[in-house]
Amino acid sequence: MSSSPTGVTISREPAEGHVGGELLTVNFGPQHPSTHGVLRLVVILDGEVIRGVRPVIGYLHTGIEKQMEALRWQQGVVVTDRHDYLSPLHNNLAYAMAVERLVGVEPPPRAQALRVIMCELTRISSHCLWLGTSSLELGAMSMFMYCLRERETVLAMNEEISGYRMHTSYIRPGGVMADATERFWDMLADFVEKMPGHVDEYEDLLTNNPIWKRRTVGIGYLSAEDAVRLGASGPMVRGSGLPWDLRKTMPYSGYEKYDFEIAVEEAGDCYARYLCRIKEFRESVRILKQAMASIPDGPINVDERKMLPPPREELETSMEAVIHHFKLFTEGYSVPSGDVYAAVESPRGEHGCYVVSDGTHKPRRVKFRSASFVNLQALEHMAMGSMIADMIAMIGTADTVLGDVDR
Amino acid sequence: MSVFSDVAALLVGLKTTLGETFKPHVTVQWPEEKSVRSERYRGRHYLRRYDNGLERCIGCELCAAACPVGCILVIAAENTAENRVSPGERYAKVYEINMLRCIFCGYCEEACPVQAIVLGPEYELSNVSREQFIYTKEMLLEPSPQQPPLYAGKKSQH
């Protein structure tokens with residue numbers, strides 16, 4: 001065996017059937033533009049055929065779980081925005097749900113509806129970025145621009161409602177940050193009207209396109225049994241024919257009130273996962289329309305002065321309010337001891353948040369069950385025996401976010 | 001014939017891209033053109049004053065306590081009859097924000113009991129050295145009412 005400083009290893013053991021009797025070990029990444037961040041794959045090649053894939057992770061490790069132990073309960077929200085940076089609202093929601101369950105409060109209906117609206121918008125923006133980059137990698141240049149155009153409108157809506165485009169910290173334990181503005185509702189109404197037309201555009205460009213089909217149909221096959229065995233979730237498992245969607249199977253935040261279908265495709269290949277996400281675009285718009293039409297009036301936060309700051313008007317008149325305000329921003333609130341797991345359906349699959357409290361004002365431990373990490377281990381299974389060039393399509397449709405993998 | 005359906009699919013795609021040529025541009029030509037920031041935008045911080053010119057900040061350090069990344073430094077000093085800076089007992093003698101650490105979460109704004117610190121719409125904050133990212137009180141404070149305001153306040157005056 002000889003290895004070179006460039007990371008290319010050639011094993012010289014002669015074996016039957018290998019091209020030239022050699023297996024080639026190549027580093028795929030971590031700086032490869034199609035690895036969606038800094039994913040490093042050690043790929044064992046027989047000619048161009050993949051004989052082994054070993055993901056090497058940790059290049060984007062940020063210690064987010066550990067950081068949260070040093071932050072008070074309400075401060076932890078800003079960190080959850082930042083590991084899966086394409087679906088910050090889902091991360092917020094999982095954390096907020098876990099803390100709310102520990103405290104034993106239920107957010108008011110308007111907050112729940114606003115959470116659903118923001119989560120579905122995030123799902124659309126995340127899928128837009130996924131579709132744009134994945135198709136760009138397979139050669140569809142204009143798709144990237146069209147998808148980012150729609151993503152931009154979602155980010156503008158994020159900015160309108162929360163003041164920030166990506167790291168919104170909008171959903172927090174006890175409710176949401178602020179109520180939606182009139183301009184937000186106008187933007188949303190405009191968006192849900194136009195988005196189905198844009199999805200048609202994407203489909204015009206890709207669904208029947210022979211090049212796209214040749215790069216994805218039959219590539220990266222994952223059977224339903226393997227998907228379950230490997231713990232995959234989200235479009236990875238729905239693309240293999242299993243109707244598993246936490247919004248339906250374990251409803252949270254009032255999802256049971258909305259009429260939508262689980263996007264399922266039977267084939268189990270990259271094309272099926274693509275179709276699955278295209279369906280999810282449409283289902284998300286459907287949920288958005290219903291949520292807009294049926295949004296209840298009322299408060300957007302729980303009526304719990306120990307968890308959320310008092311209204312600003314009261315600070316001028318009530319000493320109690322000032323005391324609560326100061327207490328909350330210096331010491332924070334304490335959460336009863338115990339542990340809880342809350343899971344949401346993020347654009348990538350089941351995103352869970354496991355929180356342990358020892359009764360103090362900071363979490364004892366926060367653990368994220370990130371969909372990207374678990375879906376990544378299905379990659380080797382999908383890639384075995386296919387060509388190295390198809391690796392790009394498989395990484396693309398697995399839709400891993402490396403910040404979420406390493407946390 | 002699959003060849004015909006393939007060609008037809010490609011033509012449908014080409015029609016979409018061609019149609020796009022005649023639609024209005026969505027790209028904003030930054031920095032010549034700028035998009036409008038929302039009312040709630042969380043950009044560069046400002047320290048506000050009352051209409052009579054007194055500083056709002058009372059040096060309570062609640063912003064520093066609320067900050068998840070610890071980027072705010074406040075050192076308070078007592079107001080005296082000769083040197084009255086803020087209406088309360090104390091004022092901020094030193095107020096510094098390390099913009100390299102700041103994550104613009106807006107918790108300082110939410111924590112401030114007198115609405116002294118607000119996050120404004122400015123987001124183009126690049127600079128050439130690390131030292132210049134330590135924003136001092138002079139940089140953050142709104143000029144006194146005699147001068148034109150840096151930023152005319154998105155928060156209600158009261």
Side-chain angles (χ1 to χ4, degrees), chain A residues 67 70-72 74-79 81-82 140-143 145-146 148-150 152-153 156-165 167-169 177-178 181 183-184 200-214 309 312-313 315-316 321-322 325-326 328-332, chain B residues 2-21 23-28 35-43 58 60-70 102-115 118-121 123 154-156 158:
Chain A
Q67 274 185 45
L71 295 172
R72 296 189 295 273
Q74 78 265 44
Q75 287 180 328
V77 175
V78 300
V79 185
D81 278 336
R82 286 164 165 81
M141 187 84 191
S142 40
M143 275 305 291
M145 295 167 201
Y146 298 161
L148 280 233
R149 177 185 62 196
E150 272 71 73
E152 180 62 33
T153 56
M157 274 187 265
N158 278 353
E159 185 188 316
E160 178 60 28
I161 198 165
S162 76
Y164 225 54
R165 285 158 57 86
H167 304 305
T168 55
S169 308
M177 180 178 162
T181 57
R183 182 159 169 258
F184 175 82
D200 290 342
E201 271 181 19
Y202 306 157
E203 287 223 77
D204 281 349
L205 281 167
L206 290 181
T207 303
N208 292 318
N209 186 314
I211 305 165
W212 175 254
K213 282 178 96 165
R214 234 156 271 178
R312 207 151 259 288
E313 314 80 77
L315 283 186
E316 315 242 321
V322 177
H325 189 87
F326 270 71
L328 193 68
F329 282 110
T330 50
E331 193 185 287
Chain B
S2 72
V3 178
F4 289 118
S5 63
D6 284 358
V7 171
L10 284 176
L11 286 177
V12 169
L14 275 176
K15 194 177 126 241
T16 313
T17 40
L18 266 179
E20 205 59 47
T21 320
K23 286 184 191 164
H25 292 190
V26 291
T27 317
V28 177
S35 56
V36 186
R37 298 269 69 80
S38 84
E39 282 279 295
R40 291 178 183 169
Y41 191 73
R42 310 200 296 255
I58 50 169
C60 71
E61 299 180 33
L62 206 55
C63 46
C67 182
V69 291
C102 179
I103 57 172
F104 300 96
C105 62
Y107 279 20
C108 49
E109 182 178 354
E110 209 174 316
C112 184
V114 289
Q115 293 183 314
V118 290
L119 276 74
Y123 58 93
K154 59 182 169 172
K155 302 283 139 46
S156 62
H158 67 87

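Chain letters run A, B, ... following the sequence lines, proteins first, then strands; residues in each count from 1.
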Would a distance-only check, ignoring hydrogens and angles, find a side-chain to backbone donor-acceptor pair under 3.5 Å from Ser38(B) to Glu159(A)?
yes
For Arg40(B) and Glu160(A), run side-chain contact (heavy atoms from CB on, under 4.5 Å): C-alpha distance rounded to whole Å, both residues' side-chain angles, the deciding distance at 0.1 Å, then the answer.
CA-CA 7 Å; Arg40(B) 291 178 183 169; Glu160(A) 178 60 28; over 6 Å; no
Flag side-chain contact, heavy atom, 4.5 Å: Arg312(A) against Gln115(B)
yes
Run the numbers on Glu201(A) and Glu20(B) for side-chain contact (heavy atoms from CB on, under 4.5 Å), then give the verdict.
CA-CA 10 Å; Glu201(A) 271 181 19; Glu20(B) 205 59 47; 4.0 Å; yes
Checked Ala66(B), Gly13(B), Ala64(B) vs chain A; the most non-hydrogen pairs under 4.5 Å come from Ala66(B)
Note: vs chain B, highest number of non-hydrogen pairs under 4.5 angstrom among Ala70(A), Ser162(A), Gly76(A), Ala140(A) is Ser162(A)
Most contacts with chain B, counted as non-hydrogen pairs under 4.5 angstrom, among Lys213(A), Gln67(A), Arg149(A), Met145(A)
Arg149(A)
Out of curiosity, Phe329(A) CZ to Cys112(B) SG, how far, rounded to the nearest 0.5 Å?
10.5 Å
Side-chain (His325(A)) to main-chain (Ala111(B)) donor-acceptor, under 3.5 angstrom
yes
Heaviest contributor of heavy-atom pairs below 4.5 Å to chain B, chosen from Asp204(A), Asn208(A), Ile211(A), is Asp204(A)
What distance separates Glu152(A) CD from Thr27(B) OG1, expressed to the nearest 0.5 Å?
9.5 Å
Side-chain heavy atoms of Leu10(B) within contact of Pro210(A), under 4.5 Å:
yes
Side chain, backbone, both or neither of Glu61(B) within contact of chain A (heavy atoms, under 4.5 Å)
neither
Please classify the contact of Cys63(B) with chain A as side chain, backbone, both or neither, using a heavy-atom distance under 4.5 Å.
neither
Can you say whether Met177(A) sits under 4.5 Å from chain B via the side chain, the backbone, both, or neither, judging by heavy atoms?
side chain
Does any part of the side chain of Arg82(A), heavy atoms only, come nearer than 4.5 Å to the side chain of Ile103(B), both counted from C-beta?
yes
Considering only heavy atoms, which portion of Thr330(A) lies under 4.5 Å from any heavy atom of chain B: side chain, backbone, both, or neither?
both
Chain A contact via Val28(B) - which portion, at a heavy-atom distance below 4.5 Å
neither
Evaluation steps, side-chain contact (heavy atoms from CB on, under 4.5 Å), between Arg214(A) and Asp6(B):
CA-CA 11 Å; Arg214(A) 234 156 271 178; Asp6(B) 284 358; 3.3 Å; yes
Less than 4.5 Å to any heavy atom of chain B: does that hold for the side chain of Leu328(A), its backbone, both, or neither?
neither
What's the shortest heavy-atom distance between Arg42(B) and Ser169(A), and which atoms?
NH2-OG, 4.5 Å
With a 4.5 angstrom heavy-atom cut-off, is it the side chain or the backbone of Thr168(A) that approaches chain B, or both, or neither?
backbone
Does the Tyr107(B) side chain pair with the main chain of Gln74(A), one donor and one acceptor, at a distance under 3.5 Å?
yes
